[in-house]
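Nothing here was measured: the structure is a model prediction, and the numbers come from that model.
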Amino acid sequence: MHMTTAELREAFLEYFRSEGHERVASSSLVPHNDPTLLFTNAGMNQFKDCFLGAEQRSYTRAATAQRCVRAGGKHNDLENVGFTARHHTFFEMLGNFSFGDYFKQDAIKYAWTFLTEVLQLPKEKLCVTIYETDDEAFEIWTKEMGVPEENLIRIGDNKGAPYASDNFWTMGDTGPCGPCTEIFYDHGEHIWGGRPGTPEEDGDRFIEIWNIVFMQFNRFADGTMEPLPKPAVDTGMGIERIAAIMQGGHSNYDIDIFQRLIKAAADATGATDLDNKSLRVVADHIRSCAFLIVDGVMPSNEGRGYVLRRIIRRAIRHGRKMGATDTFFYKLVGELAETMGCAGEELKKQQAMVEKVLKIEEENFARTLDRGIALLGEALDNLDGKELDGETVFKLYDTFGFPADLTNDVARERGFTIDEAGFEVQMEAQRQRAREAGNFGVDYSKVLTIDSETQFTGYDATSGTGSIVGIYVDGEATEQLADDREALLILDQTPFYAESGGQTGDTGEIVTDAGRFLVVDTSKIGQAFAHKGKLVSGAVAIGDAAQAQVDAERRDAIRLNHSATHLLHAALRNVLGDHVNQKGSLVMADRLRFDFSHLEGVTAEELATVEAQVNEQIRANHSVDTELMDIEAAKTRGAMALFGEKYDDEVRVLAMGDYSIELCGGIHAKRTGDIGFMKIVSEAGIAAGVRRIEAVTGVGALAHTNQQESQLQQTASLVKGDVASVASKVKGLLDRNRQLEKELEQLKQKLASAASANLIDQAQEIGGVKVLISQLENADSKALRGMVDDLKNQLGSGIVLLGNVAGGKVGLIAGVTKDVTGKVKAGELVNRVAQQVGGKGGGRPDMAMAGGTDVAALPAALASAKDWLTEQL
């Protein structure tokens with residue numbers, strides 16, 4: 001049976017839906033519930049809290065087609081991508097999951113039924129591995145599924161430690177774990193390799209297509225294993241591997257989606273050999289790059305953005321190797337969106353933005369690629385031995401943006417290796433410099449784990465009572481605080497809003513019978529609200545009853561600004577288009593900041609329209625209504641959710657009439673009219689495809705407008721006009737200024753011509769060539785080029801060298817007529833003189849300029865130029 005990748009994806013999801021599984025959409029490539037994970041790299045990532053029992057969903061069995069990226073971390077196999085049959089940066093993982101519902105029997109039955117009945121794979125082409133002591137799985141496979149014992153392989157501990165086996169899965173050193181069973185497909189005798197457990201198992205004949213993990217135990221630090229009260233199932237099947245089988249191929253790159261992308265990459269680069277491995281690299285890399293951008297990652301030199309940049313630049317280099325001379329990578333986005341079918345819907349919506357980001361990144365890299373390649377080639381040509389030093393690898397990264405693995409690619413192609421350890425030493429030194437330059441205090445959420453849970457009472461109040469349940473000083477818990485060191489107080493309930501969703505944390509004070517604590521910020525650590533500040537009088541202790549008082553005036557300003565961001569978001573989508581999505585926000589008391597996806601600068605007219613729409617909605621004085629409802633009901637109502645964001649089953653929907661409906665947990669105005677009015681202060685680009693608007697509202701907007709009016713009045717007074725005439729008055733001054741500048745330039749040229757007429761008499765002959773060398777004082781630097789041209793014309797044939805002293809610095813300029821450049825080049829002449837006056841420079845053979853700082857050395861330097869010209873001529 002032949003199936004396209006799209007048909008295969010749908011068949012898998014529909015089969016498991018028919019077996020009572022919830023079809024769950026692929027989560028973002030940026031994990032939102034696991035800060036330890038660089039990218040989503042398995043289907044189970046979005047369900048991690050379900051397996052741990054920390055999250056309850058409305059279903060107990062699920063099926064997904066999860067997009068994954070594996071291309072980060074210190075150890076990765078990026079260099080193998082495109083050169084082997086099954087290495088990818090991006091892949092889709094089909095998976096079915098049970099959270100305390102079914103277990104081994106059903107999990108095995110579903111997998112075997114799907115493969116042998118739905119896909120109709122020959123049973124004799126399949127073999128199965130189990131953990132060595134998992135007799136339960138053995139019985140199910142042999143007696144219920146009818147798999148012959150000779151096709152069932154027990155895999156034991158082969159890594160020198162208990163449960164250290166390819167067939168025993170662990171989430172970490174401790175926690176949920178259990179045996180797994182894997183299904184392998186036999187690609188045939190014509191391909192070298194043996195079954196799992198044999199010495200030839202690393203061959204390509206038997207390929208794992210499905211892994212079924214049975215989360216059966218909880219492992220403790222002392223190694224003991226306890227059965228989990230609700231065993232779970234986590235499975236994964238790479239869609240590319242099973243598609244290769246269903247389409248009669250062996251390599252993943254033979255399947256329909258890759259063949260279409262390879263053809264598109266060949267068209268874009270001009271490549272004619274469709275077997276070129278570089279085409280595979282480009283076809284793979286466009287998938288990870290496009291979907292990372294869709295999920296909010298932008299090229300940068302840090303974290304996830306750096307990984308994205310590395311992959312983009314690797315693809316660009318392989319395109320250049322195939323002959324691409326212009327930007328090409330972004331042209332593959334449209335084809336990718338089509339090949340992904342239903343899995344590419346979000347990419348289709350953001351296609352233009354993704355293309356723009358990739359095109360800008362490619363254009364930027366193209367400017368440094370050739371210089372970097374040349375420098376690397378020179379370093380390799382002069383290398384003693386076979387390893388390129390870490391310092392050079394770092395210089396290529398720091399100066400030319402060459403990731404270390406890109407340098408490694410180029411080096412490996414020429415038979416060299418790179419000093420990865422030395423490079424890492426240089427990188428760590430740079431990180432340390434960055435840490436020292438950007439030391440803004442301790443991020444307690446990264447160094448503290450707090451089990452307490454705080455109840456928030458501040459949606460409708462700025463004061464309240466609670467009990468102190470935690471005190472932390474320098475990251476350590478303490479029972480009492482009696483000095484003014486920076487500390488964190490944890491209350492069991494609080495009206496203080498903890499920073500989240502872009503809204504800054506509240507400030508204020510916490511008062512007990514014995515002490516007073518000034519709060520300068522509030523943030524979340526786990527489920528606890530941490531009040532950061534200092535004791536200003538008395539002492540506080542665990543168990544103290546406390547009165548919490550938020551700075552109400554500041555809170556009011558923040559909530560008005562927060563509501564304005566929602567109106568701004570809606571207005572931007574109305575004016576610019578539905579491609580606009582929030583990429584970040586910051587809501588403070590004095591201003592608001594809103595980052596959004598858009599391909600180019602917003603025009604003044606568009607900004608004016610956006611601002612007018614927001615203020616129209618403010619004047620409409622809509623009530624700001626909040627309602628708790630389940631996520632699906634919220635989407636049905638039209639609530640805007642941030643794509644890829646993780647939401648609880650029950651969400652808080654915030655509506656301002658029908659104009660703005662969003663999911664939000666922040667604090668807002670009661671009515672839009674409370675905002676007063678909004679004024680946009682600035683709009684600018686902050687990254688490829690991402691713009692930023694800063695604005696003020698209410699009292700802040702009034703102050704901003706008053707300040708602008710005051711400046712306008714001052715300007716009008718300076719130009720002896722009034723507000724109504726200030727524009728025409730300033731225009732008149734500018735026109736007059738341009739006329740005076742033109743007249744001044746003409747006068748300078750006349751003076752320069754007069755000076756050159758006097759200088760021509762100083763010319764002398766050296767070796768039959770007319771040479772004029774002269775030192776000037778305070779000549780206009782802009783006029784020097786014209787002076788040299790004039791002197792060259794007067795000489796007809798010859799050399800001019802002028803040294804000008806002005807403002808305590810030396811300016812040098814040399815001119816050589818074209819008939820003499822074969823003997824003397826202006827760039828070489830001026831550079832020799834510049835080096836003697838503490839400078840450097842250069843230029844064309846017929847005209848060159850330089851600068852220097854050693855004024856006293858100029859006479860001798862000019863004299864030495866005469867001696868050098870005597871040798872040359």
Side-chain angles (χ1 to χ4, degrees), residues 5 39 41-42 67-94 166 182-196 198-211 236-263 265-266 271 273-289 307 310-315 317-319 321-322 332 339 403-415 417-418 420:
T5 305
F39 298 117
N41 60 12
R67 57 180 178 269
C68 303
V69 163
R70 292 182 185 174
K74 187 174 180 181
H75 303 290
N76 66 77
D77 46 21
L78 185 62
E79 65 187 34
N80 293 321
V81 172
F83 294 89
T84 66
R86 274 167 286 281
H87 276 106
H88 302 293
T89 57
F90 174 98
F91 58 95
E92 283 185 275
M93 187 65 77
L94 303 172
D166 289 338
E182 298 176 332
I183 304 172
F184 287 75
Y185 181 83
D186 181 0
H187 277 277
E189 295 180 357
H190 62 289
I191 297 174
W192 181 84
R195 298 206 310 180
T198 68
E200 296 81 24
E201 66 179 355
D202 290 334
D204 268 357
R205 176 177 172 180
F206 291 85
I207 298 301
E208 175 203 335
I209 57 173
W210 204 331
N211 185 15
M237 176 166 62
I239 199 171
E240 295 82 7
R241 293 190 179 194
I242 193 65
I245 294 169
M246 297 305 295
Q247 294 173 26
H250 176 254
S251 168
N252 291 1
Y253 290 97
D254 293 335
I255 67 176
D256 55 346
I257 53 176
F258 274 117
Q259 286 300 300
R260 287 178 61 177
L261 289 171
I262 285 170
K263 177 66 168 62
D273 178 10
L274 293 182
D275 291 327
N276 190 323
K277 294 295 193 295
S278 288
L279 284 174
R280 291 182 171 189
V281 173
V282 173
D284 170 272
H285 287 10
I286 189 60
R287 301 213 303 162
S288 55
C289 294
V307 176
R310 287 165 55 197
I311 302 172
I312 294 172
R313 292 186 169 185
R314 187 169 188 265
R317 196 184 72 83
H318 278 275
K321 284 176 63 179
M322 293 184 290
L332 307 183
T339 65
D405 48 13
L406 182 57
T407 301
N408 191 34
D409 273 356
V410 179
R412 191 177 70 254
E413 288 167 7
R414 291 187 50 180
T417 61
I418 67 170
E420 294 187 25

Rounded to the nearest 0.5 angstrom, the CE-CD1 distance for M246 and I255 is 12.5 Å
Does R86 have any salt bridge (charged side-chain N to carboxylate O under 4.0 Å, His left out) partners at least two apart in sequence or in another chain, and if so, which?
D204
Rounding to 0.5 Å, atoms SG (C289) and CD1 (I312) come to a distance of 4.5 Å
For the side chain of E240 and the backbone of E92, is there at least one donor-acceptor N/O pair under 3.5 Å apart?
yes
Indicate the atoms forming the closest heavy-atom contact of N252 with A244, along with that distance.
OD1-CB, 4.1 Å
pair H88-Y253: side-chain heavy atoms closer than 4.5 Å
yes
Would you give the length of the straight line joining atom CD1 of I207 to atom CD1 of I191, rounded to the nearest 0.5 angstrom?
8.0 Å
Hey, are Q247 and D256 close enough side-chain-wise for a donor-acceptor pair under 3.5 Å?
yes
Of all the heavy-atom pairs spanning N41 and F91, show the shortest one and how long it is.
O-CZ, 3.9 Å
Let me see the working for E200 and W192 under side chain to side chain contact (heavy atoms under 4.5 Å, CB included), right down to the final yes or no.
CA-CA 8 Å; E200 296 81 24; W192 181 84; 3.6 Å; yes
Within a radius of less than 6.0 Å around CD of E189, do more than 12 heavy atoms belonging to other residues, nucleotides or ligands occur?
no
Quick check against the 3.5 Å criterion: does R241 have a side-chain atom that pairs as donor or acceptor with the backbone of I209?
no
Could you measure the distance from the OG1 atom of T89 to the CD1 atom of I311? Nearest 0.5 Å is fine.
5.0 Å
Heavy-atom pair with the smallest gap, counting every atom of M237 and M93:
N-SD, 3.2 Å
For A283, side-chain contact (heavy atoms from CB on, under 4.5 Å) partners two or more places apart:
F258, L261, I262
Do the non-hydrogen side-chain atoms of N276 and K321 ever get within less than 4.5 Å of each other?
no
Considering residues at least two apart in sequence or located in another chain, which fulfil the ring-ring contact (aromatic ring centres under 6.0 Å, His included) criterion with H250?
H187
Which residues pass the side-chain contact (heavy atoms from CB on, under 4.5 Å) test with N211, sequence neighbours left out?
C180, E182, E208, V213
Is there a side chain to side chain contact (heavy atoms under 4.5 Å, CB included) between F83 and V281 once you walk through the steps?
CA-CA 8 Å; F83 294 89; V281 173; 3.9 Å; yes
Does the side chain of R317 reach to within under 4.5 Å of the side chain of R313, using non-hydrogen atoms?
no
Run the side chain to side chain contact (heavy atoms under 4.5 Å, CB included) check on V307 and F39 step by step: do they pass?
CA-CA 10 Å; V307 176; F39 298 117; 3.7 Å; yes
Of the non-hydrogen atoms in V282 and A315, which two are nearest, and what is the gap between them?
CG2-O, 3.7 Å
Holding to ring-ring contact (aromatic ring centres under 6.0 Å, His included), I want the full list of residues that pass it with F90, two or more places apart in sequence or in another chain.
F291
When rounded to the nearest 0.5 angstrom, what distance separates CD in E413 from CG in N408?
10.0 Å
Between H318 and R314, does the side chain to side chain contact (heavy atoms under 4.5 Å, CB included) criterion hold? Intermediate values first, please.
CA-CA 6 Å; H318 278 275; R314 187 169 188 265; 4.0 Å; yes
Among all residues two or more places apart in sequence or in another chain, which pass the salt bridge (charged side-chain N to carboxylate O under 4.0 Å, His left out) test with D186?
R205
Over all heavy atoms of both residues, which pair between R287 and I257 is shortest? Give the atoms and the distance, please.
NH1-CD1, 3.3 Å
List the atom of A42, the atom of C68, and the distance in Å for their closest heavy-atom pair.
N-SG, 3.6 Å
